[in-house]
Asks: 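Mind looking over this structure? Questions follow.
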Amino acid sequence: MNALTPGFHGKPRRLTDRLPPGQYPTEMFPVLSAGPTPRLRTEAYTFTLTSETGERHTWDWDSLLALPQEEVTTDIHCVTRWSKFGTRWKGVALDTLLEAAGGAGPRARYVVAESHGGYTTNLPLAEITGGRAWIVHEYDGFPVSPEHGGPLRLLVPRLYFWKSAKWLKGINLTVEDEPGFWENAGYHNHGDPWREERTWSD
Ligand SMILES: Nc1nc2c(c(=O)[nH]1)N[C@H]1C(S)=C(S)[C@@H](COP(=O)(O)O)O[C@H]1N2
Ligand SMILES: [Mo]
């Protein structure tokens with residue numbers, strides 16, 4: 001039987017299972033930016049990982065591309081309620097970057113992702129390790145467009161998409177949790193879409 005009208009037997013189990021509460025699926029890829037889109041040239045691009053003791057590891061564009069690359073296909077969920085299934089990205093796992101930098105120190109428990117333009121967002125270190133986060137430079141087989149955070153953005157698909165900082169300048173490991181741009185403006189500090197952690201009151 002492959003002539004079923006979509007919806008006739010209810011929503012396909014697979015789709016429902018993939019959609020966090022309060023979200024709707026979309027084919028579109030909306031752009032959500034709190035400020036102007038910076039135009040950043042890869043020739044001048046650097047990404048810096050700063051340890052909780054202030055030690056800095058900086059990669060230029062070529063050395064980022066020389067690191068082991070991973071292809072990631074994942075669903076993404078925006079707090080404004082759209083979800084997009086099966087987005088395809090390519091980049092470097094945060095695990096790889098941390099390893100190259102000699103690992104996180106014992107006191108590091110959080111990170112702050114920092115963007116060109118001043119946007120910041122905070123995450124527990126545990127949310128960006130163990131194959132949960134990447135810095136990505138390709139979307140759907142092409143360089144990430146400036147509107148979507150190119151040339152380099154963070155991808156943390158298990159949390160609401162505001163945690164996936166665009167135009168990523170660096171990631172700072174921290175001992176204390178330091179709420180970022182939206183977290184200071186009333187968004188939830190953690191932002192798990194499956195728990196509907198949208199705002200501080202959730
Ligand atoms: N630097 C920066 N990163 C950002 C944002 C931003 O305004 N500036 N918006 C966040 C929000 S709220 C969302 S939903 C996603 C949107 O990514 P998109 O524009 O590629 O859909 O980026 C996140 N990362
Ligand atoms: Mo968002």
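All figures in this text were calculated on a predicted structure; none of them were measured in a lab. Indexing begins at 1, ligand by ligand and atom by atom, following the structure's order. We count residues from 1, following the sequence as given.
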Asks: Should the pair W82 and F161 be assigned to parallel (<30°), tilted (30 to 60°) or perpendicular (>60°) ring geometry?
Replies: perpendicular
Asks: Write out the residue and atom name of the closest protein heavy atom to atom 11 (C) of ligand 1, then the distance separating them to 0.1 Å.
Replies: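 It is W162 CA, 3.5 Å.
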Asks: Counting each atom of ligand 1 from 1 as listed, which ones have a heavy atom of W167 under 4.0 Å away?
Replies: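 So the atoms of ligand 1 that pass are 1 (N), 2 (C), 8 (N).
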Asks: Work out whether the distance between some heavy atom of S164 and some atom of ligand 1 is less than 4.0 Å.
Replies: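 So S164 counts as touching ligand 1.
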Asks: Hey, is F181 one of the residues with a heavy atom under 4.0 angstrom from ligand 1?
Replies: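 The answer is no: ligand 1 sits nowhere under 4.0 Å from a heavy atom of F181.
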Asks: With heavy-atom distances below 4.0 Å as the criterion, list the atoms of ligand 1 near W182.
Replies: 12 (S)
Asks: Within the 4.0 Å heavy-atom shell around F29, which atoms of ligand 1 are there?
Replies: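 Listed by number with element, the hits are 20 (O), 21 (O).
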Asks: Determine whether a donor-acceptor pair (N or O, by modelled atom type, separation under 3.5 Å) exists between the side chain of K163 and the backbone of G191.
Replies: no
Asks: Out of C78, P38, A34, who gets a non-hydrogen atom closest to atom 7 (O) of ligand 1?
Replies: A34
Asks: Identify, with sequence neighbours excluded, every residue that meets ring pair (Phe, Tyr, Trp, His ring centres under 6.0 Å) alongside F181.
Replies: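 For F181 the ring pair (Phe, Tyr, Trp, His ring centres under 6.0 Å) partners, ignoring immediate neighbours, are Y119.
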Asks: For residues 100-117, run the donor-acceptor check on the side chains, cut-off 3.5 Å, and write out each pair with its distance to 0.1 Å, sequence neighbours left out.
Replies:
{"unit_1": "E114", "atom_1": "OE1", "unit_2": "N172", "atom_2": "ND2", "d": "3.1"}
{"unit_1": "S115", "atom_1": "OG", "unit_2": "K166", "atom_2": "O", "d": "2.7"}

Asks: Can T50 and T48 be counted as having a side-chain donor-acceptor contact under 3.5 angstrom?
Replies: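 No - no donor-acceptor pair under 3.5 Å links their side chains.
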Asks: Report yes or no: does a heavy atom of R153 sit under 4.0 Å from some atom of ligand 1?
Replies: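 The answer is yes, since R153 has a heavy atom less than 4.0 Å from ligand 1.
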Asks: Using atom types as modelled and distance alone, determine if a side-chain donor or acceptor of S63 lies under 3.5 Å from a backbone N or O of W59.
Replies: no
Asks: Using modelled atom types and a 3.5 Å cut-off, is there a donor and acceptor pairing between side-chain atoms of R88 and backbone atoms of V72?
Replies: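 Side chain of R88 to backbone of V72: no pair is present.
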Asks: Should one rank K166, E147, H148, K169 by closest heavy-atom distance to atom 19 (O) of ligand 1, which comes out on top?
Replies: K166
Asks: Among protein heavy atoms, which lies nearest atom 13 (C) of ligand 1, and at what distance?
Replies: F161 O, 3.7 Å
Asks: Is the closest side-chain heavy-atom distance between Q69 and E71 below 4.5 Å?
Replies: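 No, side chains not in contact.
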Asks: Side chain or backbone, does V31 bring an N or O within less than 3.5 Å of an N or O on ligand 1?
Replies: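 Checking ligand 1 against V31, no N or O pair falls under 3.5 Å apart.
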Asks: Are the aromatic ring centres of W162 and Y187 under 6.0 angstrom apart?
Replies: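 Aromatic pair counts; centres sit under 6.0 Å.
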Asks: Nearest protein heavy atom to atom 9 (N) of ligand 1, by residue and atom, and its distance?
Replies: L32 O, 3.1 Å
Asks: Under a 4.0 angstrom heavy-atom cut-off, which atoms of ligand 1 come close to S33?
Replies: 7 (O)
Asks: Is the backbone of C78 close enough, under 3.5 Å, to the side chain of Q23 for a donor and an acceptor to pair up by distance?
Replies: yes
Asks: Give the numbers and elements of all ligand 1 atoms closer than 4.0 Å to a heavy atom of P30.
Replies: 18 (P), 19 (O), 21 (O)
Asks: Can you check which of Y139, Y160, Y119 brings a heavy atom nearest to atom 10 (C) of ligand 1?
Replies: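 It is Y119 that holds the nearest heavy atom.
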Asks: For A165, take its heavy atoms, then give the atoms of ligand 1 lying under 4.0 Å from any of them.
Replies: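 Answer for ligand 1: 3 (N), 24 (N).
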